[in-house]
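Report on the following structure.
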Amino acid sequence: MPTKTIGDFLIQELHAHGVRHVFGVPGDYALWFYRQLDGSKLKVINTCDEQGAGFAADAYARIRGLGVVCITYCVGGLKVANTTAQAFAEKSPVVIISGAPGVKERTRNPLLHHKVRDFHVQSKVFEQLTVASAVIDNAQTACREIRRVIAAALCQKRPVYIELPRDMLATRVTATHASTKTPEPPPVAMLQEAAAETTKMINAARRPVIIAGVELHRFGLQDELLQLVDKSNIPVATTPLGKSVISERHPRYLGVYAGGMGRAQVRRFVESSDCLILLGTFMSDINLGVFTAHLEQSRTIYATSEKTSIRYHIYEHVTLSDLMHTLVTAGLRRRRAPAFPSPTAPTAFRPVSGRPVTVKRLFQRLNTFLEDDTVVVADVGDAMFAALDMTIHGRTEFLSPAYYTSLGFAVPASIGVQLANRKLRPLVLVGDGAFQMTGMELSTAVRFGLSPIVVVLNNRGYGTERPMLDGSFNDIQQWRYSLIPELIGAGHGFEVRTEDELEAAIQASGTYADSLCVLDVHLDPNDTSPALRRLTEVLGKRVRVKK
Ligand SMILES: Cc1ncc(C[n+]2csc(CCOP(=O)(O)OP(=O)(O)O)c2C)c(N)n1
Ligand SMILES: [Mg+2]
């Protein structure tokens with residue numbers, strides 16, 4: 001007997017996978033689904049703009065394992081194309097649900113509002129940006145399709161797309177079991193050979209190093225990483241995207257490795273290792289300091305969610321999970337804890353009254369402010385580069401789009417972070433340029449009772465771009481960021497120019513634990529973090545055009 005409407009079935013499936021919030025902006029094609037959501041166990045978080053919803057859902061997925069954004073047809077859908085692209089690139093499982101014209105409304109291709117060329121444009125766009133998609137236009141297959149698509153997001157840790165024609169929502173369906181395909185495990189002999197070869201290579205090495213990547217987090221392998229490190233005493237570095245997959249206070253933690261962009265001691269230690277163990281690392285340009293990294297393939301074991309490579313050969317079906325599960329029980333020898341340059345511990349900050357704040361001193365102070373429940377959410381720009389040297393206490397308490405690098409992530413992402421785990425307080429690090437893209441989502445944060453601390457690095461424009469190529473196109477309008485709480489009706493704003501003002505603002509932000517706090521930190525436009533200085537030197541050489 002039919003039991004549920006398609007809308008209720010979808011809600012039930014999302015809830016069963018731990019989803020409790022849906023981010024988005026309604027529109028007439030999605031309104032009826034919004035009404036179903038309203039009466040359900042999922043809470044609607046309606047944002048100022050769809051892009052904000054997309055970034056919030058991405059961050060929610062990174063913390064909770066699955067995120068959902070729900071928007072209307074094309075005008076909303078195409079606005080989350082960019083955030084979906086980021087979720088794809090950085091492996092974040094987000095379900096995009098789009099309201100759409102009804103199946104019956106589509107006959108004879110009428111000119112309905114929000115339509116682009118035909119009724120397939122949006123679904124075709126999302127086919128390119130997701131690992132599975134479905135237009136729910138058939139009651140017979142609806143349940144199976146919904147389950148297939150959600151299973152793909154969970155399995156591949158990438159976004160998926162569900163289009164809901166509005167006349168299908170109330171159709172009653174019977175839930176059927178989906179034959180979801182789980183990936184085939186590798187042949188036993190192949191896995192054994194890969195594990196034996198890995199173990200032998202590591203055991204024979206004098207100074208192996210693990211470079212821990214973000215896939216360890218996405219595929220739930222952080223406990224295995226810890227076991228591996230604790231059992232073997234092999235030191236671990238992370239990449240910018242993988243930062244905080246292991247607590248940065250772990251005694252074997254080296255620091256962030258990012259080629260020429262990272263700290264020199266970490267680079268020397270990693271690049272002189274005779275056995276590099278890359279676990280779930282994205283070999284992307286920003287992650288590896290614009291390919292200034294020198295990782296010698298002949299000394300490398302490289303496991304990803306798709307395959308494992310050892311030196312110059314590949315085990316096609318041996319995934320990161322397979323290898324990690326095998327390595328924790330393999331006969332890796334325990335070595336003496338090696339001496340290495342530990343990350344410098346946060347140093348006490350003594351403010352000098354009247355002294356202008358610099359990027360270096362700002363981050364020195366912020367580093368001492370971190371608590372076990374602080375999640376650092378860093379936007380693209382110097383916020384991200386400078387934050388690489390912060391010492392994160394827990395695991396996965398640093399979020400940044402360090403591969404796809406779309407500006408405007410941090411403010412809306414902080415909404416997803418705090419709703420995904422109410423025990424966390426986001427510390428948002430955001431440039432003035434990025435803030436002007438999505439900062440209005442602080443209004444959403446306030447509306448839902450959230451309490452991020454937002455540090456606006458106000459250097460009067462696109463600081464990251466100035467050293468590459470400067471011009472008036474890198475200047476932006478000066479806003480009074482500290483007045484934003486007044487504008488949106490809640491929270492506390494601080495204008496910070498000097499170290500004593502910084503100290504007072506940070507202390508006050510700690511005291512106002514349940515409110516939004518916005519710090520407008522004035523910085524010299526030419527002052528950048530050392531990491532950014534190194535990176536822009538490399539990038540500048542590449543983009544320089546001859547006159
Ligand atoms: C959506 C998007 N548009 C443009 C860029 C190119 N871009 C990279 S950094 C940057 C400047 C960022 O300015 P701001 O947020 O003030 O940070 P700052 O560089 O000053 O630290 C720009 C425009 C981008 N990465 N993403
Ligand atoms: Mg700026």
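Side chains included, hydrogens not; waters and symmetry mates left out as well; all remaining heavy atoms used. Counting starts at 1 for both ligands and their atoms, in listed order.
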- Item | Any N or O of Leu407 closer than 3.5 Å to N or O of ligand 1 | yes
- So do Tyr481 and Gln436 actually touch side chain to side chain, heavy atoms under 4.5 Å? yes
- Short side-chain donor-acceptor distance under 3.5 Å, Thr438 and Gln51: no
- Query: Near Arg117 CZ, under 6.0 Å, is it more than 12 heavy atoms from other residues, nucleotides or ligands?
  - Reply: no
- For atom 3 (N) of ligand 1, the closest protein heavy atom turns out to be Met437 CE, 3.9 Å
- Please confirm whether Thr464 comes within less than 3.5 Å of ligand 1 when only nitrogen or oxygen atoms on both sides are compared. yes
- Query: Just distances here: any N/O of Gly463 and N/O of ligand 1 closer than 3.5 Å?
  - Reply: yes
- Query: Are any of the side-chain heavy atoms of Gln478 and Asn458 separated by less than 4.5 Å?
  - Reply: yes
- Item | Pair Asp389 + Lys360: basic N to acidic O under 4.0 Å | no
- Message: Could you tell me if the side chain of Ile150 sits less than 4.5 Å from the side chain of Leu14, heavy atoms only?
- Response: yes
- What number of protein N, O or S atoms occur at distances under 2.8 Å from the Mg ion (ligand 2)? 3
- Do Phe369 and Ile453 have side-chain heavy atoms sitting under 4.5 Å apart? yes
- Message: Is it the case that ligand 1 has an N or O less than 3.5 angstrom from some N or O of Ser406?
- Response: no
- Closest non-hydrogen protein atom to atom 7 (N) of ligand 1, residue and atom name please, with distance? Glu465 OE2, 3.4 Å
- Note on the structure: Residue set satisfying ring-ring contact (aromatic ring centres under 6.0 Å, His included) with Tyr512, at least two apart, ordered chain then number -> His492
- Give a yes/no verdict on whether any heavy atom in Asn459 is under 4.0 Å from an atom of ligand 1. yes
- Nearest protein heavy atom with distance in Å, relative to atom 17 (O) of ligand 1: Gly431 CA, 3.9 Å
- Note on the structure: re atom 13 (O) of ligand 1, the protein heavy-atom contact at minimum distance is Tyr462 CD2, 3.3 Å
- Task: Check each atom of ligand 1 against the heavy atoms of Thr405 and keep those under 4.0 Å away; list them by number with element.
- Result: 24 (C), 25 (N), 26 (N)
- Message: Gly461 versus ligand 1: do any nitrogen or oxygen atoms come within less than 3.5 Å of each other?
- Response: yes
- Task: Just say parallel, tilted or perpendicular for the rings of Trp479 and Phe435, cut-offs at 30° and 60°.
- Result: perpendicular
- Item | Salt-bridge criterion met for Glu371 and Arg425 (N-O under 4.0 Å) | no
- Look at atom 15 (O) of ligand 1 and say which protein heavy atom is nearest, naming residue and atom and giving the distance to 0.1 Å. Ala434 N, 2.8 Å
- Backbone or side chain, does any N or O of Gly433 fall under 3.5 Å from an N or O of ligand 1? yes
- Is a side-chain donor or acceptor of Lys91 paired with a backbone partner of Phe219 at a separation under 3.5 angstrom? no
- Quick check: does Val380 get an N/O under 3.5 Å from an N/O on ligand 1? no
- Query: For atom 21 (O) of ligand 1, which protein heavy atom lies nearest, and how many Å away is it?
  - Reply: Asp382 N, 2.9 Å
- Item | Heavy-atom neighbours of Lys115 NZ exceed 12 at 6.0 Å | yes
- Please check if atom CZ in Arg20 has more than 12 non-hydrogen atoms from other residues, nucleotides or ligands closer than 6.0 Å. yes
